[in-house]
Amino acid sequence: ERDEDGAEDRHGGRLRFVVMETLQARCAISGGGPAGMMLGLILARAGLDVVVLEKHADFFRDFRGDTIHPSTVGVLGELGLREDFLGLPHTSIRTLDAVVDGTRLHPIDFGRLRPPDDFLVLAPQWDFLSFLADKAKAFPSFRLLMQAEATDLIRDGDRVTGVVAQTPDGEARIAAALAVGADGRHSTIRERAGFEVEDIGAPMDVLWLRLPRRPGDDDEVPLGRATAGAIFVQIPRGDYFQCGYVVPKGGADALKAKGLDAFKRSIETIAPAMQGRTDGLASWDDVKLLTVAVDRLKTWCAPGVLCIGDAAHAMSPIGGVGINLAVQDAVATANLLWEPLKSGSLALADLEAVQQRREWPTKATQAAQVFIQKRAIAPLLAGGTPRAPWPAKLVDRTPLLQGLTARLLGLGVRFEAVRSPAA
């Protein structure tokens, strides 16, 4: 500000001059979700200047995904953070069970994986992101800007050279060799980069709500229950269950039209153990709609810009794999790009290598999700008789196959180990 001369404009108001400094970084990451925070942490660990932009004031929001798979716990172990993370409040489970029309199936047993990462962790995503942020801040080359939302890309000809962000203090510019879009399925970065999105589709949406846990409730509850016309998911979270009520795509309004009491009765019919626990649902404000999308970019990158995580591929909630694919994207990105970023030699071919590495696991996982959506979920939601698919029955009866399904779900189609150095 400059007012030492008492300068006034023609309206009699004092002039105010504000200069916004342009920040410099090797990598500017839009989005403080699992992909963005993990990538920022690993690159800063390798000694690279990183700026992460997070549009919210904190991470304390009711995220829909809480499943931290063995692959992600393994990555934390490679970073030396495993024990610290497991010191946070969490629930560990070794099996994923489902109840189909009264029959309990046991198709996945993480206990058959190699220790120590032979279980799945259920932890609030806000705790996970806050944990990553705290660990990343230990590195002097890491900067996290809260309430900073990416609004545009900076360009030099056909190359992206940074990110424009809106902050409480006005517009900020971050000049960077690489701009990363990790800002979710409604990514501003991918929209400004002009990347084309292929919509694969999903036949369902999910209504999320909380129901209380009681003393004596087992952590190893069936996570999914299915009856004709309805699917119900319950995830243990401390003193409550995070619950999902699956409805046909666009069917939330029709469900609400029947009234909140009818909705409560439906929950208690599907999950008898929830009898009396729905009383805490005072209004539809206690029920949040998640519009399910399954899509992916045809091209993930252009000179100076790359999308990863949900910005590159929105996943169905089937299997709860979204967080873990995002983390594996971040690990692969750091493995492939830390050296060219550090040397200043980053080229489009380096970015294309990330897509080549991660595109096949994405397609394979989405193909499995779409198969389950079409063959199991859509018929159920249409009122079909619930029957356990024969592959599920076979796995339920074959311990060896339970280990195979645990590996595919828990470690992913292509597991990514940390290869970047600790500076």
Side-chain angles (χ1 to χ4, degrees), residues 29-40 42 52 63-69 71-72 75 125 128-129 150 178-206 249 290-302 305-337 348 350-374 377 408-416:
I29 301 170
S30 173
M37 291 307 307
M38 184 61 79
L39 179 59
I42 298 176
V52 176
F63 295 96
R64 310 308 179 216
D66 291 325
T67 51
I68 311 297
H69 285 51
S71 61
T72 298
V75 167
Q125 193 176 145
F128 179 58
L129 296 178
L178 175 63
V180 175
D183 45 351
R185 62 187 60 192
H186 303 296
S187 169
T188 297
I189 298 299
R190 79 180 188 185
E191 188 270 328
R192 293 293 187 269
F195 294 150
E196 186 177 354
V197 182
E198 179 183 2
D199 185 12
I200 299 167
M204 60 186 179
D205 292 325
V206 183
K249 174 64 69 176
L290 169 66
T291 302
V292 177
V294 181
D295 63 39
R296 61 176 175 261
L297 297 181
K298 294 184 176 180
T299 300
W300 296 21
C301 60
V305 60
L306 169 71
C307 284
I308 61 173
D310 275 7
H313 47 74
M315 309 302 292
S316 167
I318 294 172
V321 296
I323 292 175
N324 306 282
L325 265 98
V327 167
Q328 291 181 27
D329 281 1
V331 173
T333 300
N335 288 345
L336 292 166
L337 301 186
L348 179 59
D350 299 313
L351 306 182
E352 291 172 338
V354 175
Q355 179 174 352
Q356 291 165 6
R357 174 79 185 175
R358 295 303 306 160
E359 188 171 38
W360 180 77
T362 297
K363 288 183 175 180
T365 304
Q366 288 182 329
Q369 290 181 328
V370 170
F371 177 84
I372 294 171
Q373 287 177 172
K374 289 182 177 180
I377 293 177
L408 290 174
L409 183 63
L411 301 181
V413 177
R414 173 177 281 160
F415 177 74
E416 303 289 353

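What you see below is based on every heavy atom in this structure, not just the backbone, and it leaves out hydrogens, waters and symmetry mates. Residues take their numbers from the sequence shown, with the count starting at 1.
- The main-chain N or O of G319 is found under 3.5 Å from a side-chain atom of H69 such that the two form a donor-acceptor pair.
- With contacts defined as side-chain heavy-atom distances shorter than 4.5 Å, the pair P317/V292 qualifies.
- The closest donor-acceptor contact from the side chain of D205 to the backbone of K249 lies at 3.5 Å or more, if one exists at all.
- Within the 4.5 Å cutoff, the side chain of R192 has no heavy atoms near those of the V305 side chain.
- Distance alone, capped at 3.5 Å, places no donor-acceptor pair between the R358 side chain and the G309 backbone.
- Counting heavy atoms from C-beta on, the side chains of S30 and T188 never come closer than 4.5 Å.
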### Query
Hey, mind stepping through L336 and D350 against side-chain contact (heavy atoms from CB on, under 4.5 Å) and telling me if it holds?
CA-CA 7 Å; L336 292 166; D350 299 313; over 6 Å; no

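- In this structure the side chain of M37 reaches within 4.5 angstrom of the side chain of V52, judged on heavy atoms.
- Without hydrogens or angle criteria, D183 side chain to I189 main chain gives a donor-acceptor distance under 3.5 Å.
- Of the possible polar contacts, none joining the E416 side chain to the V331 backbone as a donor-acceptor pair under 3.5 Å is found.
- With sequence neighbours excluded, the residues forming a salt bridge (Lys or Arg N to Asp or Glu O under 4.0 Å) with R190 are D295, listed by chain and number.
- Contact of the P203 side chain with the K374 side chain is not registered, since no non-hydrogen atoms from C-beta on lie closer than 4.5 Å.
- Annotation: side-chain hydrogen bond (donor to acceptor under 3.5 Å, both in side chains) contacts involving residues 362-372, sequence neighbours excluded, comprise R296-Q366.
- Between T333 and R357 the shortest side-chain heavy-atom distance does not fall below 4.5 Å.
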